Amino acid sequence: MSQPLVIRFEEPEWDIASAAEFERLLAPALNCPTVIIDLSAVTYIDSTCLSKLAKLYADRVVNTGYPPSHLVINTYAVTRLFSIAKFERLWPIHKTIDEALAALGAEATHPRT
């Protein structure tokens with residue numbers, strides 16, 4: 001397995017005012033088969049940015065056939081929001097980069113059928 005692309009969101013808040021930057025940071029994921037999106041520094045994300053993630057899922061998984069990105073989320077508010085939105089059904093969610101990397105290694109060893 002090649003090294004995954006890691007996209008880190010370092011700003012704590014992402015909303016309609018920063019949605020264009022959020023989308024710009026996600027863009028490289030469209031052309032990479034293995035992606036980790038690190039949202040561990042994020043404490044707030046609004047529906048505008050959630051819709052950017054959902055679009056990325058559709059473009060990567062539905063349209064291209066890539067596996068879902070792995071997300072790193074460790075703040076309660078963002079974890080709860082993703083749970084309410086049922087986003088954990090779309091993406092594997094981990095508390096740390098190391099957990100995401102370990103999961104990707106396990107997937108390479110035992111691919112989904």
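Just so it is clear, the structure is predicted and the values come from calculations on it, not from any experiment.
Residue Leu30 places its CG atom among more than 12 non-hydrogen atoms of other residues, nucleotides or ligands, all under 6.0 Å distant.
Taking the ring-ring contact (aromatic ring centres under 6.0 Å, His included) definition, one finds that Tyr57 meets it with Trp91, sequence neighbours left out. A search for salt bridge (charged side-chain N to carboxylate O under 4.0 Å, His left out) contacts involving Glu11 returns nothing, not counting sequence neighbours. In terms of the side-chain contact (heavy atoms from CB on, under 4.5 Å) criterion, residue partners of Ala29 (sequence neighbours excluded) are, by chain and number, Ile7, Val35, Leu56, Arg60. Take Ser47 and apply the side-chain contact (heavy atoms from CB on, under 4.5 Å) test, not counting sequence neighbours, and it matches no residue. For the side-chain contact (heavy atoms from CB on, under 4.5 Å) test, residues two or more places apart in sequence or in another chain that qualify with Thr43 are Pro12, Glu13, Thr75. For Ile97, the side-chain contact (heavy atoms from CB on, under 4.5 Å) partners two or more places apart in sequence, or in a different chain, are Val6, Arg8, Ile36, Asp38, Val72, Leu101. Partners of Glu21 under the side chain to side chain donor-acceptor pair (under 3.5 Å) rule, at least two apart in sequence or in another chain, are Arg24.
The residue from Leu71, Leu39, Val78 that alone fulfils the side-chain contact (heavy atoms from CB on, under 4.5 Å) condition with Ile93 is Leu71.
Shortest non-hydrogen contact noted between His94 and Ala103 is CE1-CB, 3.4 Å. Considering all non-hydrogen atoms of both residues, Pro92 and Ser69 come closest at CD-O, 3.4 Å.
Sequence neighbours left out, the pairs with a member in residues 4-53 that pass ring-ring contact (aromatic ring centres under 6.0 Å, His included) are Phe9-Trp14, Phe9-Phe22, Trp14-Phe22. Within the structure, the salt bridge (charged side-chain N to carboxylate O under 4.0 Å, His left out) test picks out no pair touching residues 62-82 (sequence neighbours left out). Pairs passing the salt bridge (charged side-chain N to carboxylate O under 4.0 Å, His left out) check and including a residue from residues 65-78, sequence neighbours excluded, do not occur. For residues 40-49, no pair satisfies salt bridge (charged side-chain N to carboxylate O under 4.0 Å, His left out), with sequence neighbours left out. Pairs of residues two or more places apart, or lying in two chains, never qualify as salt bridge (charged side-chain N to carboxylate O under 4.0 Å, His left out) while including a residue from residues 88-102.
Under a hydrophobic-cluster definition in which Ile, Leu, Val, Met, Phe, Trp and Tyr are linked whenever side-chain heavy atoms come within less than 4.5 Å, directly or via other members, Leu5 and Tyr66 are assigned to different clusters. Put simply, Val62 and Leu26 are part of the same group of oily side chains (I, L, V, M, F, W, Y) that touch within less than 4.5 Å, one to the next.
When atom types are taken as modelled, the side chain of Thr79 and the backbone of Asn74 share no donor-acceptor pair closer than 3.5 angstrom.
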Problem - Pair Ile73-Val42, side chain to side chain contact (heavy atoms under 4.5 Å, CB included): steps then yes or no - result: CA-CA 8 Å; Ile73 302 171; Val42 177; over 6 Å; no

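Considering only heavy atoms from C-beta on, Leu90 stays 4.5 Å or farther from Leu53 through its side chain.
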